[in-house]
Amino acid sequence: MEHILSFFQQHIELIYIVILSIFLGVEVISRVPSVLHTPLMSGANAIHGVVIIGAIIVMGQAEKDNYLALVLGFLAVILGTVNVVGGFVVTDRMLEMFKKKKK
């Protein structure tokens with residue numbers, strides 16, 4: 001537990017940046033009009049693809065006894081994959097609304 005607390009104390013600026021970026025992201029996304037939602041979703045899918053690759057690289061370079069890094073990397077891979085797949089499904093469904101229906 002002391003290791004985790006010392007990590008937070010050493011990296012407090014980075015933690016503040018992450019927290020502020022979360023609030024900023026929520027604020028920006030909430031103001032996006034519906035017309036721009038599909039292109040932004042596709043862009044977010046590409047970004048999460050990079051997150052998945054980065055998580056795999058971090059897991060590959062983590063020490064075998066560093067369970068925190070391995071668990072966090074595994075969760076990042078799983079959640080990133082779910083987000084990418086879900087984003088493509090939503091984007092596909094939204095694009096189907098604009099297709100002409102066959103008679």
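Rounded to the nearest 0.5 angstrom, I17 CD1 and L14 CG are separated by 5.5 Å. Between the CD atom in Q10 and the CD1 atom in I12 there is a gap of 11.5 Å [rounded to 0.5 Å]. With rounding to the nearest 0.5 Å, the separation of CZ in F8 from NE2 in H3 is 10.5 Å.
Applying the side-chain hydrogen bond (donor to acceptor under 3.5 Å, both in side chains) definition to pairs two or more places apart or across chains, those involving residues 61-83 are H48-N83.
When hydrophobic clusters are built by joining Ile, Leu, Val, Met, Phe, Trp and Tyr residues whose side-chain heavy atoms come closer than 4.5 Å, directly or via intermediates, F23 is not grouped with V26. Connection of F74 to V77 is established within a shared hydrophobic cluster, with ILVMFWY side chains joined at heavy-atom distances below 4.5 Å, either directly or through further cluster members.
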Under 3.5 Å, which donor-acceptor pairs link side chains of residues 49-58 to any protein atom two or more places apart or in another chain?
none

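Residues passing the side-chain hydrogen bond (donor to acceptor under 3.5 Å, both in side chains) test with E27 are R31, sequence neighbours excluded.
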